[in-house]
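Read through the structure below, which is laid out as structure tokens, and then see the notes.
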Amino acid sequence: MAGYDFAAIERKWQQRWDDDGTFAQPNPGDDSFADKPKCYVLDMFPYPSGAGLHVGHPEGYTATDIVARFMRMRGVNVLHPMGYDAFGLPAEQYAVEHGVHPRETTQSNIDTIERQIRLFGFSYDWSRRIATTDPDYFKWTQWIFLQLFNSWYDPAAGAARPIEDLIRGLSAGEYVVGVGGDVVYNTADGLAPYLGDMLGTSKWHELTGEQQRAVIDNQRLAYQAEVPVNWCPKLGTVLANEEVTNEGRSERGNWPVYRRNLRQWMLRITCYADRLLNGLDGLDWPESIKIMQRNWIGRSEGANVIFELPDCDEQLEVYTTRPDTLFGATYMVLAPEHPLVEEITTDARRSEVKAYVDAAAGKSELERTAETKEKTGVFTGSYAVNPVNDERIPIWVADYVMMGYGTGAIMAVPAHDTRDFEFAQTFDLPIVQVVAPPEGEDWRGYTGDGVAVNSGEFDGLPTAEFKRKIIDWLEANDRGRRAVNYKLRDWLFSRQRYWGEPFPLVHCPDCGTVPLPEDALPLTLPEMDDFSPQTSDDPDAPPQPPLGKATDWVNTTCPACGGAAVRELNTMPQWAGSCWYYLRFCDPRNDERFCDPTAERYWMSPGGIDLYVGGAEHAVLHLLYARFWHKVLYDLGHVSTPEPFAKLYNQGMIRSFAYRDARGMPVSYEDVEQRDDGVCHRQTGETLTESVEKMSKSLKNVVNPDDVIAEYGADTFRLYEMFMGPLEASKPWNTQDVPGVHRFCHRVWRLIVGNEETPPLLGDRGDEELERALHKLIRKVGEDIQAMKFNTAIAAMMEFVNAAFKAGAIGRDQAERFVLVLAPFAPHLGEELWERLGHGESLAYEPWPDYDEAMIAAETVELAVQVNGKVRGRVAVDADADEEAVIAAALADDKVATAVEGKTIVKKIVVPGRLVNLVVT
RNA sequence: GCCGGAGUGGCGGAAUCGGCAGACGCGCGGGAUUCAAAAUCCCGUGAUGGCAACAUCGUGUGGGUUCGAGUCCCACCUCCGGCACCA
């Protein structure tokens, strides 16, 4: 009888599962498909970085694997796939720096990370593996992009519709075109604003072909626009905000990043703001993530108010959430980029205003917001008229107003807005109270609700009511209307890089932007020797995407007219591929469609993926972008559910102890020694400080999963990560603790198999007491798995094993049931023990053992007896004893008797199964 | 500044609906086994006082509610995460 040889066991079972296709899950319609309930358990797929797997990855993967294995044993079809999010900047930047093609680095990174993932024995259906860089995959990423390109958002339907519907409606005169190129609705009794403001309209047939195209292009969910972007000339690309550090530099390479207007592809996510917001309510997600998404969407209600500009015969529109403070508006502020700045500035003020605007333009967004202490601004020389009281108020330009939100202009109410208050104090502008705060609070700078004062006929109204009344008044007098605003911006969807999905479009001088036909997909990247972007030190140099150098690829023919055309040079951002991979997993080899509808309906019903686990760092962007794409596909009839992720769970970050010497220099673990009086340096004896930090090379506190597996095995690793603490909590890795769970594996082995020194405790008949413990364990582990409380499930298994050793024997059938309960957590050990208990088949589809409530209910219970809330003794009583008997038993206890002696019992509290409390005086 | 989350032994953590605080594991102390060590096994392990039985204190701090508070309420402190001039 050999000991627990985890290395051999793990190799053997991983091979067996692979050879037998144990975890290959057929789809509906496949020969071997069994019609059963389903469960879709998904991990956020990894980006295969050069550094390989870190200990954070397997934490979530182990949790989902336990759930997946448990569900299979509960007789459920489980979809549990894995893949790679493999396009993106890190691989490309590495490739550029080392002169290797990103395809090669990506492939070798995938090989490395997959080898590591496979070491853990996760029950993935590897036949469904995908990488976002596979042409078979990104063909459909491009196809979905074309769905976006060929759709518009119909506000009447509250949904995306094919662009042909819009063209048909325009041709039929159902819609007409406003002066701004907007689409307006042609109603029977006149023209009503449909999209945007209606000022004048044209009929569709009155427009030239080019004008028609511009109108259509302007309605597409994927459109091009000139927008301010983070431009990094050294990387030769625009960057997403999250790729820019707080210092205004690129996360990759630490190069300067500039704010600059560039023509870019945008996705119209803002149309979905309300649906993305409201959809959150029905999701089983952590509340904190929902709140983050709500804040990101940032819906607010208020009014757009029009201020007349008598000096130049223009109007200035502002958005405010506090129309009830209109009477306190004592000045106005325009963002430096506001289009009216130039027009309203008086000659006397022109040079000063221009200097300010130019200075603001030169600053990055981050520089502008960083200087948050001091408010700056200049007076334009012009005045506006407050619509509620006809007062002339000065118009300023200041960079605390952003062009990107609302109308880029505000009415300033210094008495009741912190920013306006600071600004007014700096520039000595009048401050007029219009809200009376509750007793005892200063009205200056008071931003809460209150009662109106100095507001004419509205005096005395509480804030909420005032808001309603003043908006009614504004609408009645044509000076404004009710409005809703969002912080959410449209999604900047293009990058000037090589390693991303090419846009499946061409630019034709005659036909405009023309999508490729579906049969031309995938549009693959051109082979290039030099795929590095044209970089520059000059922030104003024009972008030169690397694809521009592949002239053979760039110059093509127009699919519409057959004339010469050029391809789009931008590529898609890294988020694109991860927006829909969960759908491809349902049917990953389909070359007819992105996913077969039957497979999609089976796996995604009723509300989307049953369990989605990943890090909280994707709380907003990935989860919001994917929900957006999903809703578009839903509107167009391609998927069956309005939301993709029914249940979301975030694993906490695994950090680790870091040690520093007196100078603050990190000390690696080999040089750290634990002593009674603290931690010190092994060589120098110097006292070290200990802290818990994110793992990083520079802190010398990185733990490599490969090393841990080599020393203790995958089952131990899995158990340790689950045993550390609650899944969602952030917790420190402590290598010292690993032997504890490893010892548990050895104990289980010794219990059932034995080793050279000790025979197993396996017997024919098990102890009655142990049988009760086993029933309790089966219930506890099943409940804990479903509640994702793996740490307490493992603790319960340890207790059971301890009890078995105490009992001195375990029945064969008890051992079998215990092994089934253990298997989702330590599957290799589970399988090996199952085999040694005489089973020829894998336990993966063995039914989860039953338990009997009657076996769990104890015959006698021990109650604590408290006197005045303090525990004075313990008594054992029958589980079904009544209150009187319980109290009698309690008073019979010596220590209790002593405690109540000579006192009056004024109250007796009996909590069944728990305790007795006697209140005495 | 605003919005979340969390503070429990030497350490990671447990504690159902307000009901025996510290499960389980690590570490530590003692013992068994061993020529010895590793491994393994057994016992002990919140603090203070006491030979002991036992007593008192104890879940970030200060108040409160309750027969009873780690758990509920109020105020505050610290740490972690997110957002950040969003009008």
Side-chain angles (χ1 to χ4, degrees), chain A residues 3 286-292 294-296 298 300 302 318-322 325 333 335 368-373 375 398-402 404-413 417-420 422-423 447 485-489 616-617 619-620 650 652-653 655 657 674 676 678 690 692 719-720 723-726 728-741 743-744 746-747 750 755 757-758 783 789 791-799 802 805 862-874 895 906-920:
Chain A
E287 200 53 40
S288 60
I289 302 288
K290 290 191 190 180
I291 290 169
M292 276 193 235
R294 288 193 190 108
N295 290 344
W296 191 266
S300 69
V318 302
Y319 172 70
T320 177
T321 56
R322 292 297 301 271
T325 61
V333 184
R368 268 170 63 168
T369 53
E371 297 160 4
T372 167
K373 290 142 254 146
K375 291 268 183 297
D399 65 4
Y400 82 91
V401 174
M402 304 289 146
Y405 185 78
T407 62
I410 61 156
M411 65 174 205
V413 184
D417 180 282
T418 313
R419 298 148 300 176
D420 298 342
E422 287 169 5
F423 190 83
T447 58
N485 244 296
Y486 302 92
K487 285 199 256 184
L488 184 69
R489 298 276 72 101
E617 66 272 22
V620 176
N650 292 119
M653 198 192 303
R655 300 185 295 176
F657 293 101
Q674 302 274 347
D676 292 348
E690 182 185 87
V692 173
L719 284 167
Y720 174 65
F723 188 62
M724 288 170 77
E728 71 277 14
S730 147
K731 44 211 171 278
W733 178 281
N734 190 354
T735 300
Q736 273 194 332
D737 287 341
V738 178
V741 284
R743 216 165 283 159
F744 168 67
H746 273 282
R747 279 167 72 77
R750 228 176 45 247
N755 60 25
E757 291 120 48
T758 40
E783 284 173 357
K789 289 165 67 176
N791 53 331
T792 49
I794 294 168
M797 288 189 278
M798 289 173 166
E799 277 181 276
N802 290 346
F805 273 102
E862 196 186 51
L863 300 186
V865 182
Q866 297 181 338
V867 177
N868 283 350
K870 281 186 180 167
V871 179
R872 294 298 171 180
R874 274 164 243 275
K895 281 178 220 133
V906 296
K907 204 165 180 182
K908 302 164 188 165
I909 294 145
V910 177
V911 183
R914 294 261 176 211
L915 54 66
V916 179
N917 190 11
L918 303 172
V919 186
V920 300

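Nothing here was measured: the structure is a model prediction, and the numbers come from that model. Residue numbers start from 1 in every chain, and the chains themselves are labelled A, B, ... in the order their sequence lines are given, proteins ahead of strands.
When both pairing distances are held under 3.5 Å, B:C51 makes no Watson-Crick or G-U pair with any nucleotide shown. Summarising the base pairing, B:C76 is matched to B:G60 through a Watson-Crick or G-U wobble pair whose two defining distances lie under 3.5 Å. Base pairing annotation: B:U66 forms no Watson-Crick or G-U wobble pair, as no partner gives both donor-acceptor distances under 3.5 Å. Of all nucleotides present, none satisfies the Watson-Crick or G-U wobble test against B:U34 with each distance under 3.5 Å. In a base pair of the Watson-Crick type (N1 to N3 plus N6-O4 or O6-N4) or a G-U wobble (N1-O2 and O6-N3), with each distance short of 3.5 Å, B:G9 is matched with no nucleotide. Base pairing annotation: B:U45 forms a Watson-Crick or G-U wobble pair with B:G27, both donor-acceptor distances under 3.5 Å. Using the Watson-Crick or G-U wobble rule with both distances under 3.5 Å, B:A84 pairs with nothing in any strand shown.
When the side-chain nitrogen and oxygen atoms of A:Ser288 are compared with OP1 and OP2 of B:G81, none of them lie within a distance under 4.0 Å. Proximity of A:Arg750 to the phosphate of B:A39: no side-chain N or O atom is located under 4.0 Å from OP1 or OP2. Here A:Arg743 reaches the OP1 or OP2 of B:C26: one of its side-chain N or O atoms lies under 4.0 Å away. Considering only side-chain N and O atoms, A:Lys789 lies nowhere under 4.0 angstrom from the phosphate OP1 or OP2 of B:G13. Between B:A87 and A:Tyr405, a contact under 4.0 Å exists linking OP1 or OP2 to a side-chain N or O. Taking only side-chain nitrogens and oxygens, A:Asn791 never comes nearer than 4.0 Å to OP1 or OP2 of B:G12.
Which of B:G13, B:C26, B:C24 sits closest to the side chain of A:Gln736 comes down to B:C26. The side chain of A:Val911 approaches B:G19 more closely than any other nucleotide in the set B:G19, B:C3, B:A55. Residue A:Lys870 places its side chain closer to B:C57 than to any other of B:A23, B:C57, B:A55. Each of B:A21, B:C11, B:G25 was ranked by its minimum atom distance to the side chain of A:Asn802; first place goes to B:G25. Of all nucleotides listed (B:A87, B:G13, B:G25), B:G13 comes nearest to the side chain of A:Pro732. Taking only side-chain atoms of A:Tyr319, from C-beta outward, the nucleotide of B:C67, B:A87, B:C83 with the closest atom is B:A87. You'll find that the side chain of A:Met402 is closest to B:C85, out of B:C67, B:C11, B:C85. The side chain of A:Lys907 lies closest to B:C67, out of B:C67, B:C80, B:C24. When each of B:C24, B:C42, B:A87 is scored by its nearest atom to the side-chain atoms of A:Phe723, the top-ranked nucleotide is B:C24. In the set B:A87, B:G12, B:A14, B:A14 carries the atom at the smallest distance from any side-chain atom of A:Thr792.
Checked for salt-bridge contact, A:Glu728 and A:Lys789 miss the test: no charged N lies under 4.0 Å from a carboxylate O.
Nucleic acid contact for A:Lys908: none, since no nucleic acid atom lies under 4.0 Å from a heavy atom of the residue. Counting any heavy atom pair closer than 4.0 Å across all strands shown, A:Arg489 reaches no nucleic acid atom. Counting non-hydrogen atoms under 4.0 angstrom, A:Ile291 reaches the backbone sugars and phosphates but no base. Backbone-only contact: A:Lys731 has heavy atoms under 4.0 Å from sugar-phosphate atoms and none from a base. As judged by a 4.0 angstrom heavy-atom cut-off over every strand, A:Thr418 is placed among residues making no nucleic acid contact. A:Asn485 comes within contact range of no nucleotide atom at all, as no heavy-atom separation falls under 4.0 Å. Here A:Gln866 lies in heavy-atom contact (under 4.0 Å) with a base. Nucleic acid contact for A:Pro726: sugar-phosphate only, since backbone atoms but no base atoms lie under 4.0 Å from a heavy atom of the residue.
Comparing the C1' positions of B:U61 and B:G70 gives an interatomic distance of 15 Å, to the nearest angstrom. For the C1' atom pair drawn from B:A69 and B:G82, the interatomic distance equals 32 Å after rounding to whole Å. The separation of B:G19 from B:A39, taken at their P atoms, amounts to 42 Å, rounded to a whole angstrom. Distance check on atom P: B:U16 versus B:G4 gives 25 Å, rounded to whole Å. Across the P atoms, B:G63 and B:C57 are found 15 Å apart, a figure rounded to whole Å. Going from the C1' atom of B:G5 to that of B:G60 covers 15 Å, rounded to whole Å. The gap from the C1' atom of B:G13 to that of B:C85 amounts to 42 Å, rounded to the nearest Å. Going from the C1' atom of B:C17 to that of B:C26 covers 33 Å, rounded to whole Å.
Between A:Arg322 and A:Met411, the shortest heavy-atom contact is O-CE, 3.6 Å. The minimum heavy-atom distance linking A:Val692 with A:Pro732 is given by the pair CG1-CB, 3.8 Å. Closest approach of A:Ser730 and A:Arg655 over heavy atoms only: OG-NE, 3.4 Å.
Per the geometry, CZ belonging to A:Arg747 stands 10 Å off P belonging to B:U40, to the nearest Å. Summarising the geometry, the separation between NZ on A:Lys487 and C1' on B:G82 is reported as 11 Å, rounded to the nearest angstrom. B:A15 atom C1' lies 12 Å from atom CD of A:Glu799, rounded to whole Å. Rounded to a whole Å, the NE2 atom of A:His746 is 10 Å from the P atom of B:C41. We find that CG of A:Leu719 is positioned 18 Å from P of B:G13, with the value rounded to whole Å. To the nearest angstrom, P of B:A55 lies 14 Å from CG of A:Asn868. Going from atom CE of A:Met292 over to atom P of B:G5 covers 10 Å, rounded to whole Å.
Look at B:C74: its glycosidic torsion is beyond 90° from 0, and that puts it in the anti range. The glycosidic torsion of B:G5 lies more than 90° away from 0, placing the base in the anti range.
Between A:Ile410 and A:Pro739, the residue anchored closer to the 5' end of RNA chain B is A:Pro739, taking for each the nucleotide with the nearest heavy atom. Residues A:Gly404 and A:Ala864 each lie close to RNA chain B; by heavy-atom proximity, the contact nearer the 5' end of the strand is made by A:Ala864.
A donor-acceptor contact under 3.5 Å links the side chain of A:Arg914 to the base of B:U16. Between the side chain of A:Asn917 and the base of B:C67, a donor-acceptor pair under 3.5 Å is found.
In this structure, A:Lys487 and A:Tyr405 have side chains that are in contact, with non-hydrogen atoms separated by less than 4.5 Å.
For the atom pair CD1 (A:Ile410) and CG (A:Asp420), the distance works out to 4.5 Å, reported to the nearest 0.5 Å. Atoms CG and CD1, from A:Leu915 and A:Ile909 in turn, are 9.0 Å apart once rounded to the nearest 0.5 Å.
Other residues, nucleotides and ligands place no more than 12 heavy atoms under 6.0 Å from the NZ atom of A:Lys908.
A donor and an acceptor atom, one from each side chain of A:Tyr319 and A:Ser300, are located under 3.5 Å apart.
Classified by interplanar angle (parallel below 30°, tilted 30° to 60°, perpendicular above 60°), the ring pair A:Tyr720/A:Trp733 is perpendicular.
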